[in-house]
Amino acid sequence: MELSRLNQQTFLALLKAAAASASSRRLPSLHAVYIKLGFLAHTRVTTGFIQGYCAARRVTDARRMFDEMPRQDTVSFNSMIHGYAVSGDVASACRLFEQVPAPTPVTWTSMVAGLCRAGDVGSARGVFEKMPERDLVSWNAMISGHVGNRQPVEALCLFGRMMEEGFAPNRGTVVSVLSACASAGALETGKWVHVYIEKNRLRWDEFLGTALVDMYAKCGAVELALEVFAGLRTRDTCTWNAMINGLAMNGYSAMALDMFRQMELDGRVVPDEVTFVGVLLACSHGGSVDAGREHFNMISRKYGIDLVLEHYACMVDLLARSGHLQEAHKLITEMPMKPDVVVWRALLGGCRLHKNVKMAEIVITEMEATCSGGHVLLSNLYAAVGRWNGVEDVRRTMRSKGIEKIPGCSSVEMDGSIHEFISGDKSHPSYDDIHAKLIEIGGRMQQQGHVTETTEVFYDIEDEEKEQALGHHSEKLAIAFGLIGGSPDATIRIVKNLRFCMDCHKFAKLVSKIYQREIVVRDSARFHHFRGGTCSCNDFW
DNA sequence: GTAGGGTTAG
């Protein structure tokens, strides 16, 4: 039977609608009609069904139709491969990829994206490099794959290569690249992208606005984030979330809460669970326990949003930080889901801050020791109160369980490229200069009568040795590097993967005073803006 | 528009 153009379009429209509604209950009945009318030979419509079933996470049904269709074309192959890739079945995607008669950039890109989604960036990159020809989307897929797998520096390098090869970035590209800049703290590159957007008049949408606001906020340039945010025509929930969270991370707690109020007043968008992570973060960094409790209660009562693990983690963090250790512990025991290591670590952090060893020991026995974070915190806590045998015990436990301490890593952007420093690493080409600078800094600090804090070094060793070990913390290397290079009045911007230790925090404060340099450090929890010997966090983190 | 790439939290 001939399927008229109208019917074909009607069918495709119906399919699209059916696939869009998450439950996809209508797919089977559409399927039945389709069989009854004998339309199986219509490749386009069958492909539509394949996509519909894939979108409904019914890949097996999609595959059955694919196998039954009389003429499989490139598009149906690609749709099927993409379906496998999205569902996480990379093996099947690979097998089918081998059978495609004439793979196009779309086919290859589906594989690249699928491997990235599955977390195998290495293989994805291998496939990407093997592609006979790449188009813009292929580049975008690989760039976003690196970003999604926490490899922002690789993403930025690839972006550079893409431009060298003459591809003009589009919105998809810049959104991913801005996200890379955000996680790497690459402000200069981010600014360049901003200029590129304006110059080439890329069309603004919520994705682009959000990515730009987020980039500025995550690079510690709050004023610029606010400026962009104010100038946006359209803002969705994500955009507001990026702004609220950006303010919270940078220590502007009151402004973050005010922004949330504005969001409510605006009325065009509805807060979601992410919004409240930002709001609670603001309360936490501002030390506002009461506001935190109020907002926490609001989440489900006023907004009907289900509380998720992150909300509990924030709340435990807030309570524990401000010394309400019992209440924090009680909240953990009462929460409806299994607490994860982030939650326990938040409580442990509070125990360390308030030097409550007893509670910390309870916590450590209650939490399943699967991650190094808790152990390191406990070990630091023992060190802080001088219980060196405790430190050694924890170390031994970690060794026996094969838990490794995550190495500290700090990065600095210099002249548009990112320099990474790993704790204790001596491999950077400028290491000798950095080392000399660190000695110079130490000398100037001593001249001014400052003694370094040594309580957070993990072993009971002589003080000089401890200082030596501290000298190698990654943020110190990065700060020294920042002092050597760049213009003498430029802000030194650093991104660190772990939290600041007490000593490095003090170090940064002193450097900002002695060298009259602004230093901005984003650690794993928040921002620290150092200026004239003080920090925006008021030593509360 | 029958196919591939994009933002926020943790």
Side-chain angles (χ1 to χ4, degrees), chain A residues 8-9 11-13 15-16 19 42-52 54 73-83 85-86 93 100 103-114 116-117 128 131 134-148 150 162 167 169-180 182-183 202 205-215 217-218 232 235-246 248-249 269 271-281 308-314 317 340-343 345-346 524-525:
Chain A
Q8 182 172 303
Q9 278 180 348
F11 237 106
L12 287 169
L15 272 169
K16 212 174 171 189
H42 292 271
T43 310
R44 283 181 162 222
V45 183
T46 311
T47 303
F49 272 107
I50 291 171
Q51 289 159 10
C54 285
D73 64 357
T74 316
V75 179
S76 45
F77 263 105
N78 292 347
S79 301
M80 197 60 235
I81 289 173
H82 178 239
V86 169
V100 183
T104 66
V106 177
T107 327
W108 286 89
T109 305
S110 295
M111 284 309 302
V112 169
C116 288
R117 216 173 275 130
F128 177 81
M131 288 175 69
R134 289 181 277 266
D135 63 12
L136 185 56
V137 180
S138 322
W139 286 94
N140 292 354
M142 196 62 238
I143 289 171
S144 78
H146 280 302
V147 178
R150 299 175 171 216
M162 172 188 137
F167 287 92
N170 66 1
R171 239 180 323 150
T173 324
V174 300
V175 170
S176 292
V177 171
L178 286 172
S179 171
S183 44
L202 294 194
D205 65 1
E206 288 83 353
F207 281 63
L208 193 51
T210 305
L212 201 57
V213 167
D214 183 54
M215 183 278 293
K218 288 235 178 76
L232 291 176
R235 307 169 186 140
D236 62 8
T237 302
C238 287
T239 322
W240 285 93
N241 291 351
M243 195 64 248
I244 291 170
N245 188 57
M249 268 191 330
V269 291
D272 64 5
E273 68 271 20
V274 179
T275 316
F276 286 99
V277 175
V279 168
L280 292 176
L281 198 67
V308 295
L309 193 58
E310 283 75 16
H311 297 136
Y312 284 97
C314 286
D317 184 62
D340 71 347
V341 67
V342 179
V343 174
R345 212 158 46 191
S524 62

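Lettering follows sequence order; numbering is per chain, from 1. Only this structure's heavy atoms are used, side chains among them; waters, hydrogens and symmetry mates stay out.
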Using the test side-chain hydrogen bond (donor to acceptor under 3.5 Å, both in side chains), find all partners of A:Thr104 that sit at least two apart in sequence or belong to another chain.
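Checked A:Thr104 against side-chain hydrogen bond (donor to acceptor under 3.5 Å, both in side chains); matches are A:Thr107.
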
Sequence-distant partners of A:Arg134, side-chain hydrogen bond (donor to acceptor under 3.5 Å, both in side chains), two or more places apart:
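A:Arg134: no side-chain hydrogen bond (donor to acceptor under 3.5 Å, both in side chains) contacts found.
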
Which of these nucleotides, [options], is closest to any side-chain atom of [X]?
{"X": "A:Thr109", "options": "B:dG4, B:dT8, B:dA3", "value": "B:dG4"}
{"X": "A:Val277", "options": "B:dA9, B:dG4, B:dT7", "value": "B:dA9"}
{"X": "A:Phe207", "options": "B:dT8, B:dG4, B:dT7", "value": "B:dT7"}
{"X": "A:Thr74", "options": "B:dA3, B:dG6, B:dG10", "value": "B:dA3"}
{"X": "A:Val274", "options": "B:dG6, B:dT8, B:dG4", "value": "B:dT8"}
{"X": "A:Gln51", "options": "B:dT8, B:dT2, B:dG6", "value": "B:dT2"}
{"X": "A:Arg44", "options": "B:dT8, B:dT2, B:dG6", "value": "B:dT2"}
{"X": "A:Cys238", "options": "B:dT2, B:dG6, B:dT7", "value": "B:dT7"}

Any side-chain heavy atom of A:Leu232 sitting closer than 4.5 Å to one from A:Thr210?
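With C-beta onward as the side chain, the pair stays apart.
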
I want to check something: taking the side chain as every heavy atom from C-beta on, are A:Pro271 and A:Phe276 in contact at a cut-off of under 4.5 Å?
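Heavy-atom side-chain distance check passes, below 4.5 Å.
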
May I ask you to say what [X] touches in the nucleic acid, namely base, sugar-phosphate or nothing, with a heavy-atom cut-off under 4.0 Å?
{"X": "A:Thr239", "result": "nothing"}
{"X": "A:Asn170", "result": "base"}
{"X": "A:Arg134", "result": "nothing"}
{"X": "A:Asp205", "result": "base"}
{"X": "A:Val137", "result": "base"}
{"X": "A:Ser144", "result": "sugar-phosphate"}

Do any side-chain nitrogens or oxygens of [X] fall under 4.0 Å of OP1 or OP2 in [N]?
{"X": "A:His82", "N": "B:dA3", "result": "no"}
{"X": "A:Asn245", "N": "B:dA9", "result": "yes"}
{"X": "A:Ser179", "N": "B:dT8", "result": "yes"}

Is a donor-acceptor pair below 3.5 Å formed from side chain A:Ser110 to base B:dG4, judging by atom type as modelled?
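Not at all, since no donor on one side and acceptor on the other fall under 3.5 Å apart.
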
Would you say the side chain of A:Asp135 and the base of B:dG4 hold a donor-acceptor pair, judged only by whether the two atoms sit under 3.5 Å apart?
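When only heavy-atom distances are counted, A:Asp135 does reach the base of B:dG4 through a donor-acceptor pair under 3.5 Å.
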
In whole Å, what is the span from the NZ atom of A:Lys218 to the C1' atom of B:dA9?
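Checked: the NZ to C1' distance equals 8 Å.
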
Rounded to the Å, how far apart are A:Ile81 CD1 and B:dT2 C1'?
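Roughly 16 Å, once rounded to whole Å.
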
Aromatic ring proximity, centroids under 6.0 angstrom, A:Phe128 and A:Trp139:
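That pair passes the under 6.0 Å test.
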
